[in-house]
Amino acid sequence: MKDNLEYNHKKIENKWKEIWYKDNLYSTDSNSLKPKFYILDMFPYPSGVGLHVGHLKGYTATDIVARYMRMKDFEVLHPMGWDSFGLPTENFAIKTNKNPFDVTKENTRAFKQELINAGIGIDWNREFDTSDESYYKWTQWIFLKLYNKGLAYKKKSPVNWCPSCLTVISNEQVIQGLCERCGSKVELKNIEQWFFKITKYIDNLMNDIKSLDWPKSTKVSQDNWIGKSEGVRVKFRIKDSKEYIDIFTTKIETIYGTTFIAIAPESKYIELIKDKEKIKEIEEYIKNVSPQSEITRKKDVKTGLKTGLIAINPINGQEIPVYISDYILMEYGTGAVMGVPAHDNRDKAFAKLHGIKSIEVVNYKKGIINHGKYNGISIDIAKNKIISDLSSMAEKTIEYKLRDWLVSRERYWGAPIPIIYCKECGEVPVPETDLPILIPRDIKDYRPKGTPPLASSKSFMEVECPICHEPATREPKTLDTFVDSSWYYLRFIDPKNNRSIGNNTLLRKWLPIDFYMGGDEHATGHLLYSRFITKVLNEEGIVSINEPFLKLRHQGKLFGPDGRKMSKRWGNVVSAEFAEKTYGADSLRMYEMFMGPLSQSNSWDTRSMIGVRRFIDRVWKLQNILDKNTLNKNIDTKNINNLIKSISLNIESEKYNVCVSEFMKYLNEVEKLDTISKDSFRKFILVLAPFAPFIAEELWNIIGEKYSVHKQSWPTIIKVKEDKNDMYINLPIQINGKYRGNIKVLKDQEENEIIKILLKDTRFQDKIKEKDIRKVIFKKNIIINIIFDDI
RNA sequence: GCCUGGAUGGUGGAAUGGUAGACACGCUAGCCUUAGGAGCUAGUACUUGAAAAAGUGUGAAGGUUCGAGUCCUUUUCCAGGCACCA
């Protein structure tokens, strides 16, 4: 036979990827009667760097699952699109001096080609860019839905400003005080912006997440981000005044220990100060503090000033000084705290710096109050008593960290906000029939300047008021890219629909997503926004689901060979193209799976990849030992049965790395036999197909089966007759709990029989004396453990 | 500080409470070859030993159990996330 078979991955991959694409092999029949399975990857920003091996980790895993489910006779929807609107694309366009329209086209083409090269099975009929007019029409439509429900509103408030991107950004886009995109220090600016009222859905967001099949860490992240805390608001009266300062505390039991009040520099309580000298001093202080964002204020030094105001502790009438300090955040609680140096580290640090005394009033170790009226009473009881003692001066409340979602941007490359300003009629939403509001093309310089670039287009700005038909102007701000991606998953179901966001029946049928895969960096951004938008669309009757993603998994990061994050800066980016050229797409896919559990991060090691390439070569050479004549041997059938079972099990339990080992183990066994039956070979190709689609299709073709292997059903297990070998098992022997070898015994052999055998076995008869046996632990077919007295 | 994961050979990693290190990479030796960064065969946790074999061994210390990498308690270290959130 053909002895020197060489597997030519280039030739074979080029052949099949063309045929598959031409046939759109992975197209989904929306109206199929089979059970549906919707599996989705977080779609990428098609930035300029191209696809590297890290991107493919998640895509390969979903591709394997999609192919497996397809073979299990589900109608599988596995689509792909491009998150092309927004800062990543626009910044890339600016850097390369091109326009974002062209950049989007070029980059999406490149990304798509690389996915095709990697054999990722996508229904390309459903592809879209979020910057397509036919897509952002519906982004704007969703904005109007929110607007009409009162969930989209404009407000002047301190917002995060990135001085390099020249736009506002949301809280979720600020990472440790720096801009997520460019790493610049974020400033605080007081400007009018558009918000989505996500805070209205806090309770739903917190409750509904509990039942989702999501990684625990992600659920916890969202909970922390929402940051619910239950506490009490307390009024502290100002001496010689009718005014009060409202504070928020979660530790009302410490109120006796209050030795000062501190308010935020932005606090309205500053107006209570009447002393002119003091006002000057404080204005000076505020000037020094306020240009900084709350996030970037120095944490170690807690600066502050006495305001001259004296507050009265409502619990005991004690007079305490009021300070202004930059460690108090205006945006949380009431922007004022009761300072309890004895029981709060920050208060303690502030008190130390400003010479304020500290009174210990609670013993947290013992869980009791050790001061005043409630001395000796447990904290829980004291809390309630204090609250009722304070009566009208206190009120139980719940505070959250989550703020409303800031969605407007002073940038060009995004969906224009569909609002019109009319002198007569005020703020007017664009009528649905006028959508989409297109981005103007007549802007020469679209680069960010701090004011919305769209404002410089006359043709865009000048418009007729939809109500009174008088001249009016458009809102020149655009929507954040996270608005685009907060609903994209539902567009794949009916992507070409021009009349509605999606056919109602189809949306009902295909939602929710059964399996969602993507990076954990989206835990508090995209994933939270998508859940929110889904809940709004649900209330509007547009979708019938309450949660978009039933099951979520994160693929771990793939670092460069040097263990650092893959980046141009380090020169450690391994392109998908490089890996495919060297060893082929099938090897690349299998290697990425073989590296370890999917959720775990790993470093790329090209050298290790040779292992899976050797495997692929040996699979190719199986043709040499293909036995066309004889019937199945029992052992051959048993081997393939085991493989089918274990691959199914391991795909379903998401252990793709173990799948690869199982294939290798199987191959080792088969090579030992020097022959493989056609039936087993056929099944082997079938189970291998989700992992290595190219070589599987080629071998399928070679053995004369009908195109395509990827349209076949998952192989079934044939029952084999039990033979002699099946009658025996190797039973591990433990003596005093320690493994001492094993013996060959009949399957289902009982305990006393086994002991008889052991007593005769030359290896064990010296060690085992029947009369000394104290106890025997026996688990049929699993283990026998013999315990002696003298342990 | 808080939260979430981890810790198993030289490396990546396997292991429903039941033979730890599967499967690979690398390495060592041999075969084949003009050659090998190709292929094949054998070996490869550590210690002792020529070998047979014995002992030790899953970050550390305890505990539960006939039996623990796996369960419980304490602890150390590593990675990631959040953070003046009152």
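Lettering follows sequence order; numbering is per chain, from 1.
Nucleotide B/C66 holds its P atom 16 Å from the CD1 atom of A/I784, rounded to whole Å. B/G12 atom C1' lies 11 Å from atom CZ of A/R607, rounded to whole Å. The CZ atom of A/R618 sits 11 Å away from the P atom of B/C23 (whole-angstrom rounding). We find that NZ of A/K557 is positioned 16 Å from P of B/G6, with the value rounded to whole Å. Remark: P of B/G36 and CZ of A/R614 are 16 Å apart, rounded to the nearest angstrom. Rounded to an integer number of Å, the gap from A/D605 CG to B/A24 P is 17 Å. Atoms CG (A/L667) and P (B/A24) sit 9 Å apart, rounded to a whole Å. B/G18 atom C1' lies 15 Å from atom CD of A/E751, rounded to whole Å.
Taking side-chain N and O atoms only, A/N345 has no distance below 4.0 Å to OP1 or OP2 of B/G1. For B/G18, the OP1/OP2 oxygens have no side-chain nitrogen or oxygen of A/K780 closer than 4.0 Å.
Nucleotide B/C71 forms a Watson-Crick or G-U wobble pair with B/G63, both donor-acceptor distances falling under 3.5 Å. Across the strands present, B/G1 finds its partner in B/C82; the criterion is a Watson-Crick or G-U wobble pair with both atom distances under 3.5 angstrom. Across all strands shown, B/A53 pairs with B/U48; the Watson-Crick or G-U wobble distances both stay below 3.5 Å. With a cut-off of 3.5 Å on both pairing distances, B/U58 has no Watson-Crick or G-U wobble partner at all. If you check B/C40 for Watson-Crick or wobble pairing at under 3.5 angstrom, you find it paired to B/G30. Look at B/U11: its Watson-Crick or wobble partner, with both distances under 3.5 angstrom, is B/A24. In this structure, B/U19 makes no Watson-Crick or G-U wobble pair, since no nucleotide meets both defining distances under 3.5 angstrom.
B/G59 and B/G49 are spaced 28 Å apart, taking the P atom of each and rounding to whole Å. Nucleotides B/C27 and B/G37 place their C1' atoms 15 Å apart, quoted to the nearest Å.
If you look at A/F350 and A/Y323, their ring centroids are closer than 6.0 Å.
Of the candidates B/U19, B/G18, B/G39, the closest approach to any side-chain atom of A/Y739 belongs to B/U19. Here the side chain of A/V220 is nearest to one of B/C66, B/C3, B/A24, namely B/C3. Proximity note for A/I328 (side chain, C-beta onward) versus B/U19, B/A86, B/G55: the nearest is B/A86. Checked against B/G67, B/C40, B/C84, the side chain of A/N785 finds its nearest nucleotide in B/G67. Checked against B/A15, B/U56, B/A24, the side chain of A/M664 finds its nearest nucleotide in B/A24. Set against B/G12, B/C25, B/G18, the side chain of A/N602 has B/G12 as its closest nucleotide. Each of B/G13, B/C66, B/A86 was ranked by its minimum atom distance to the side chain of A/P597; first place goes to B/G13. Relative to the side chain of A/T249, the nucleotides B/A86, B/A24, B/G18 differ in distance, and B/A86 lies closest. Closest to the side chain of A/K665, out of B/G18, B/G5, B/C23, is B/C23. Listed nucleotides: B/G18, B/A86, B/C23. Nearest to the side chain of A/I782: B/G18.
A heavy-atom distance below 4.5 Å is found between the side chains of A/F549 and A/L527.
With hydrogens and angles ignored, no donor-acceptor pair under 3.5 angstrom links the side chain of A/Q600 to the base of B/G13.
Within the 4.0 angstrom heavy-atom criterion, base atoms lie near A/K779. Within 4.0 Å (heavy atoms only), A/D520 reaches no atom of the nucleic acid at all. A/N668 comes within 4.0 angstrom of sugar-phosphate atoms only, judged by non-hydrogen atoms across all strands, and of no base. Using a 4.0 Å heavy-atom criterion, one finds that A/P215 contacts no nucleic acid atom at all. When heavy atoms are screened at a 4.0 angstrom cut-off, A/T524 is found touching no nucleic acid atom at all. A/I610 comes within 4.0 angstrom of sugar-phosphate atoms only, judged by non-hydrogen atoms across all strands, and of no base. Using a 4.0 Å heavy-atom cutoff across all strands shown, A/K216 reaches sugar-phosphate atoms only and no base atom.
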Item to check | Derivation and outcome, side-chain contact (heavy atoms from CB on, under 4.5 Å), residues A/I755 and A/I784 | outcome: CA-CA 9 Å; A/I755 289 173; A/I784 185 160; 4.1 Å; yes
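A residue-by-residue look at A/V612 and A/W225 shows that A/V612 has its nearest nucleotide of RNA chain B further toward the 5' end. Ranked by how close their nearest RNA chain B nucleotide is to the 5' end, A/S608 and A/P732 are led by A/P732.
At a threshold of 4.0 Å, the pair A/R553-A/E654 counts as salt-bridged, since one of the basic side-chain nitrogens sits closer than that to a carboxylate oxygen. Salt-bridge formation is not detected for the pair A/K645/A/E662: no Lys NZ or Arg NE/NH1/NH2 atom is positioned less than 4.0 Å from an Asp or Glu carboxylate oxygen.
In textbook terms, a nucleotide whose glycosidic angle is within 90° of 0 is syn, while B/G37, being further out, is anti.
A/Y591 and A/W604 have perpendicular rings, their planes meeting at more than 60° on a 0 to 90° scale where under 30° would count as parallel. Ring-plane geometry between A/H526 and A/H522 is classed as perpendicular, the angle between the planes exceeding 60 degrees on a 0 to 90 degree scale with a lower cut at 30.
Here CZ of A/F260 is found 10.0 Å from OG of A/S358. Values are rounded to the nearest 0.5 Å.
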